[in-house]
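All heavy atoms count here, side chains included; hydrogens, waters and symmetry mates do not. Chain identifiers are assigned alphabetically (A, B, ...) following the order of the sequence lines, protein sequences preceding nucleic acid strands; residue numbering begins at 1 within each chain.
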Protein chains: 2
Amino acid sequence: MSVPLYQAKAEMFRTLGHPVRIRVLELLQSGPRPVRDLLAEIDVEPSNLSQQLAVLRRTGVVVSFRDAGLVMYALSTPDVADLLAAGRRILGAVLTDRDGLLAELRAHSPSEQPARPAASIEGSTAAR
Amino acid sequence: MSVPLYQAKAEMFRTLGHPVRIRVLELLQSGPRPVRDLLAEIDVEPSNLSQQLAVLRRTGVVVSFRDAGLVMYALSTPDVADLLAAGRRILGAVLTDRDGLLAELRAHSPSEQPARPAASIEGSTAAR
DNA sequence: TGTCGAATTGCAGAAGTCTTCAATTCCGGG
DNA sequence: CCCGGAATTGAAGACTTCTGCAATTCGACA
């Protein structure tokens, strides 16, 4: 597997790494929409939205076209929906897992350091 | 849907937005591995790898533990593999789609602007 | 042709991420 | 107890991304 391939994959994921861009993609899951609609639902400045849309276009996850005088955006492939779904599942797994262990910990050891950052409770920090 | 949720999702994807981190996750798909092995396969400085592993740990997509004197890393949930697979599919779709249209364009209009950047050939740039 | 709303672009300062270096922690074995 | 390799941490400098403002382009329609 070539090295630049990892670069390309990383770029693809980095493209989704922004709240506004995620939001746009979720809205586009239900079909093409004009910029105007996105703007109405997202609460961000027009220029900012445009910048984020440009990022999504550059990577090719969305496409744009003009219809009835408005610029429309659409997912370039339905596979994008799968990606979002997978992301949701992982988020769910990670969170319940964290909260689960957190709750368990609390139940078994009543007088533990209370100000300890939650993140280090999981198995995630073995080496130190 | 709460606003910080989009923040969390974005963070999750941003976590994957780095070649070394992608590489690590792909290696971990086949099971837990010691840092030493990752280091041998990835060609990056130890401290850099550690930094990237820390990022993955922070988000909770990997966990670490010590075994036989070595620090091991593992995917925190097999769902991560789905995410990588979905990413691969999209990358494939986007690329063939781009190259496909590119080839089609070439075939149908022999004397077209040759120095035009490839990215703008797709439907991706309708408004201008 | 002139005007209006829609959407994009250019840009600058603020904020965040990457990489590398040196220093540190951790643990197993002598 | 101290050494050695394994892995992590801290911090600084280079680099990239984000945000908001002002200016511009674009196309529809009178």
Side-chain angles (χ1 to χ4, degrees), chain A residues 3 6-7 10-24 27-28 32-59 62-74 117 119-120 123-128, chain B residues 3 6-7 10-24 27-28 32-59 62-74 117 119-120 123-128:
Chain A
V3 173
Y6 293 112
Q7 189 69 38
E11 213 167 300
M12 150 110 279
F13 283 114
R14 195 148 24 83
T15 294
L16 307 197
H18 188 289
V20 167
R21 299 198 292 261
I22 288 281
R23 189 96 213 271
V24 167
L27 289 171
L28 294 184
R33 279 168 176 276
V35 173
R36 169 198 246 138
D37 273 27
L38 300 174
L39 206 43
E41 305 210 45
I42 296 185
D43 181 47
V44 72
E45 304 218 14
S47 68
N48 195 343
L49 180 60
S50 249
Q51 298 277 7
Q52 307 312 332
L53 288 172
V55 171
L56 292 171
R57 258 190 285 126
R58 241 171 266 140
T59 324
V62 307
V63 294
S64 71
F65 53 95
R66 198 174 274 269
D67 181 50
L70 297 178
V71 177
M72 308 281 295
Y73 277 83
S120 66
S124 59
T125 314
R128 240 234 113 229
Chain B
V3 174
Y6 293 112
Q7 189 69 38
E11 212 167 299
M12 150 111 277
F13 284 114
R14 196 150 21 84
T15 294
L16 307 197
H18 187 290
V20 168
R21 297 196 293 260
I22 288 281
R23 190 94 213 273
V24 166
L27 289 171
L28 293 184
R33 279 169 176 276
V35 172
R36 168 197 247 136
D37 271 28
L38 300 174
L39 206 43
E41 305 209 44
I42 298 184
D43 182 44
V44 71
E45 305 216 15
S47 69
N48 195 344
L49 179 60
S50 248
Q51 299 277 6
Q52 307 312 333
L53 289 173
V55 171
L56 293 171
R57 257 190 286 128
R58 241 171 266 139
T59 323
V62 305
V63 294
S64 69
F65 53 95
R66 198 175 273 269
D67 182 50
L70 296 178
V71 177
M72 308 281 297
Y73 277 83
S120 66
S124 58
T125 315
R128 253 249 97 209

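- Rounded to whole Å, the distance from CZ on A:Arg66 to P on C:dG5 is 16 Å.
- Rounded to an integer number of Å, the gap from B:Asp43 CG to C:dT20 C1' is 14 Å.
- Both B:Gln51 and B:Pro46 lie close to DNA chain D; mapped to their nearest nucleotides by heavy-atom distance, the more 5′-ward contact belongs to B:Pro46.
- If you check C:dT8, D:dA7, D:dT9 against the side chain of B:Arg57, the one that comes closest is D:dT9.
- Base contact: B:Asn48 has a heavy atom under 4.0 Å from a base atom.
- The phosphate of D:dA6 (OP1 or OP2) has no side-chain N or O of B:Tyr73 nearer than 4.0 angstrom.
- At whole-Å resolution of the value, CG in B:Leu49 and C1' in C:dC18 are 14 Å apart.
- Of the candidates D:dC21, D:dA6, C:dA7, D:dC21 carries the atom nearest the A:Ser47 side chain, counting heavy atoms from C-beta on.
- Here C:dC27 presents its C1' atom at 17 Å from CZ of B:Phe65, a figure rounded to the nearest Å.
- Each of D:dT9, C:dA7, D:dA6 was ranked by its minimum atom distance to the side chain of B:Arg36; first place goes to D:dA6.
- Regarding contacts with the backbone of C:dT17, a side-chain N or O of B:Arg14 is found under 4.0 angstrom from either OP1 or OP2.
- To the nearest angstrom, P of D:dC18 lies 12 Å from CD1 of A:Ile22.
- Side chain of B:Arg58 to main chain of B:Thr15: no donor-acceptor pair is present (N/O by atom type, distance under 3.5 Å, no hydrogens or angles).
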Going through the checks in order, is the side-chain contact (heavy atoms from CB on, under 4.5 Å) test met by B:Leu27 and B:Asp37?
-> CA-CA 10 Å; B:Leu27 289 171; B:Asp37 271 28; over 6 Å; no
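- Rounded to whole Å, atom P of C:dT17 lies 12 Å from atom NE2 of B:His18.
- Look at B:Gln52 and you'll find a side-chain N or O under 4.0 angstrom from OP1 or OP2 of C:dT19.
- No side-chain heavy atom of A:Leu16 sits less than 4.5 Å from a side-chain heavy atom of A:Thr59.
- Look at B:Arg21 and you'll find a side-chain N or O under 4.0 angstrom from OP1 or OP2 of C:dC18.
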Candidate pair B:Val71 and B:Leu53, rule side-chain contact (heavy atoms from CB on, under 4.5 Å), full reasoning | CA-CA 11 Å; B:Val71 177; B:Leu53 289 173; over 6 Å; no
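- The nearest whole Å value for the distance from the CD atom in B:Glu11 to the P atom in C:dA15 is 18 Å.
- What separates CG of A:Leu56 from C1' of D:dC18 is a distance of 14 Å, to the nearest Å.
- DNA chain C is contacted by both B:Glu45 and A:Gly69; A:Gly69 maps to the nucleotide lying nearer its 5′ end (nearest heavy atom per residue).
- Using a 4.0 Å heavy-atom cutoff across all strands shown, B:Leu70 reaches sugar-phosphate atoms only and no base atom.
- In terms of modelled atom types and a separation under 3.5 Å, the side chain of A:Arg23 and the main chain of A:Glu41 share a donor-acceptor contact.
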